[in-house]
2 protein chains.
Amino acid sequence: MHLRVALLGCGNVGRALLTLLAEKEAVLRERHDLTLGFTGGMTRSAGGWLLPEGTSAAELVSIGWPQGPAPAGAQAFGDDGAAFAAACPANVLVELTTLNPATGQPALESIRAALGAGRSVVTANKGPIAHGYHELRALAERQGVALRFESTVMDGTPIFNMVEASLPATEIRGFRGLLNATSNYVLGRMAEGASLEEAVAGAQRAGIAEADPSNDLDGWDASVKATVLANVLMGADLRPQDVVRDGLGAEAMRRAKAALAPGQMLKQIVEAERAGEGVRARVTLAALPPSDILAHTATGETALRLYTDTMGELTLVEGDGGPGQTAHGVMADLVAIARSWNSAPEQGRSDA
Amino acid sequence: MHLRVALLGCGNVGRALLTLLAEKEAVLRERHDLTLGFTGGMTRSAGGWLLPEGTSAAELVSIGWPQGPAPAGAQAFGDDGAAFAAACPANVLVELTTLNPATGQPALESIRAALGAGRSVVTANKGPIAHGYHELRALAERQGVALRFESTVMDGTPIFNMVEASLPATEIRGFRGLLNATSNYVLGRMAEGASLEEAVAGAQRAGIAEADPSNDLDGWDASVKATVLANVLMGADLRPQDVVRDGLGAEAMRRAKAALAPGQMLKQIVEAERAGEGVRARVTLAALPPSDILAHTATGETALRLYTDTMGELTLVEGDGGPGQTAHGVMADLVAIARSWNSAPEQGRSDA
């Protein structure tokens, strides 16, 4: 089958996605009978374009869009993301704009527009899923289209696709994870003797931490991920601000490090469990004993442990992540959409 | 949809499966529109029965088969597994007989018979997959039916279903795992100061090790699992005897333990990598440094790390496993078969 894809946002992840899809073109065709055509693209700085006949990922890589020009023959299309999502001549909108953790906007509005226009959506942006999952999912179901977001937590590590495919009758009772790579890096360097400032500077040099690492160190990034996991896997209806953030930040890290017992490792841990009718989630600095495998995650690693009724404890660990891994998750979501269409040929195939 | 299932072999895993399916009856119906009817059963000691109209997992649990009687109205059907697999009035044969690691028989013959008769097969038995994967897969494809075996490695931990669903265009370049729970238990107790004999006796008391633990300690069990992983995930064509088993067994364990450097942990490790056109796999006792997360797997845990082109390193860790986890994997495979049928309504639905 042929999927027509429009790309909203194209930073590091978008460029990695185009490169990956160009590399995997033959594999997708041979293993999955799947071809992709890019019928639109938009970034904040480069503006938008539409090209109903589509072009390949390889061609977009070759012309260097979005630094380079839009593909030959494309019409320009301003810079309004929601209008682009509504109008692009695509089956699937791939939404890769920058996270706004406080509101999920403007991605939330763009995804609403795409679903409302009968398009499936793949996003790597955890903001709109944290802030609008149940609403967006209901809209996708009404429209008979897909909403997929593997890359919102632990890059493209198979969490949501794995649970869907491999834990089909399982209840997720809780989870515990180490989801913020910057915190893990900084705490790991501090354990080796670096000061907090040295560790943060090292994370910035390594391209892991942003210029302002407080979103990571204060647990806000982890809260957004915990919200996505709790709402999707446990049926909760949390917002990031509902996640308790306890004893985090630079001062707390210094104090907790000074109080560690021998053999303990300090980690920023996300936890969720059922509490009455709801789910309670929190982010804390935890002094893990050496018997806990999460204590031994290396500086670039992230990890998630699911507590389940049918499989007991199941833990996923990602090695060093980055835009390539995030792109992998988006590709996996595109393949999943193609497969679900094969199983429901009349569903969601209407083009704009 | 309704799946008619016949059960060949019903020991600990089979009984756990019936209990699990009885518990999950409503979930399977509500989430997946799936109902199951058991139309046949056979064990070595209880013999076989056929019941074309089928009965429920709950009913089989309630009458206590196979210790108790066959369901009311069932016809007796001798004790020939391959004849049962060929004749049972089922869409899916669930094959749960005892492992024969040297040949995969008689399970291999039973699975051939079921596939040959147009039935899908789910097996938790690694013998036939290690010895006949490529042949059985080709036969299943010719017949338009499914062959699934999630529970052959690390109980029901999502390995094969995860790779299929979530790594759809990924190349698995190698793997490294700690797949034998008995070895991990014994080595863990030895690290705490127990003698080999004490550790083995403890594993036997805990129900982890068999009366003769040499299959586990000598790496034979791990070789069979390595064969399944290499052949399925890496396209190899190994047999268990092709897996190099190096420095294993009781004497080697004592020597390696004495030679450990401080902080190192001794683990029985399975490794595979590409070598020319093929795949080289081996089982060894490895002295893991504390920086390796596999060094910290607890005594009942197993783990598998995949080396991939699109996701880098991806590690799965199972907590304490057992028949319940194995049963989970069989259930996941049954749901996967039901789903693939929904996507190909004419495929493999012929009843015997």
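First the proteins, then the strands, lettered A, B, ... as listed; each starts at 1.
You'll find the side chain of B:M162 reaches within 4.5 Å of the side chain of B:L314, heavy atoms only. Side-chain contact between A:R29 and A:V27 is absent, with no heavy atoms from C-beta onward closer than 4.5 Å. For the pair B:L17 and B:L7, the minimum side-chain heavy-atom distance is below 4.5 Å.
Around atom CZ of A:R274, more than 12 heavy atoms belonging to other residues, nucleotides or ligands sit under 6.0 Å away.
Looking at A:E23, neither its backbone nor its side chain comes within 4.5 Å of chain B, counting heavy atoms on both sides. Heavy atoms closer than 4.5 Å to chain B are found in the side chain of A:D309, but not in its backbone. In this structure, the portions of B:A169 lying under 4.5 Å from any heavy atom of chain A include both its backbone and its side chain. For chain B, the nearby part of A:L20 is the side chain; its heavy atoms alone come within less than 4.5 Å. Proximity to chain B is absent for every atom of A:L294, based on heavy atoms less than 4.5 angstrom apart. Of the two parts of A:T326, neither the backbone nor the side chain holds a non-hydrogen atom closer than 4.5 Å to a non-hydrogen atom of chain B. Interface residue B:L167: backbone and side-chain heavy atoms are both found under 4.5 Å from chain A. Only the side chain of A:L28 comes within contact range of chain B, with heavy atoms under 4.5 Å apart.
Checked against a 6.0 Å centroid threshold, the rings of A:F149 and A:F160 count as neighbours.
Of the residues considered (A:G321, A:A298, A:P168), A:P168 shows the highest number of contacts with chain B, using heavy-atom pairs under 4.5 Å. Between chain B and the residues A:T308, A:V335, A:T170, the largest count of heavy-atom pairs under 4.5 Å involves A:T170. Highest contact tally toward chain A, considering only B:G324, B:G156, B:G312, is held by B:G156 [criterion: heavy-atom pairs under 4.5 Å]. Of the listed residues (B:L34, B:I293, B:D155), the one with the most heavy-atom contacts under 4.5 Å to chain A is B:I293. Contact count against chain A (heavy-atom pairs under 4.5 Å) is highest for B:T315 among B:T315, B:T157, B:I159, B:N161. Ranked by non-hydrogen atom pairs under 4.5 Å with chain A, the options B:G319, B:G329, B:P290, B:P158 are led by B:P158. Interface summary for chain B: among A:M331, A:M311, A:Q325, the most heavy-atom pairs under 4.5 angstrom belong to A:M311. Between chain B and the residues A:E171, A:R31, A:E150, the largest count of heavy-atom pairs under 4.5 Å involves A:R31.
Side-chain N or O atoms of B:D333 include none that pairs as donor or acceptor with a backbone N or O of B:V122 at under 3.5 Å. B:H296 contributes no side-chain N or O that, together with a main-chain N or O of A:H296, makes up a donor-acceptor pair within less than 3.5 Å.
Under a 4.0 Å N-O distance rule, the pair A:R176/A:D292 qualifies as a salt bridge. A salt bridge is absent between B:E271 and B:R305; no separation between the charged side-chain nitrogens and carboxylate oxygens falls under 4.0 Å.
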Carefully, step by step, assess A:R148 and A:E164 under the rule salt bridge (charged side-chain N to carboxylate O under 4.0 Å, His left out). CA-CA 11 Å; A:R148 304 195 75 95; A:E164 179 186 55; 2.7 Å; yes
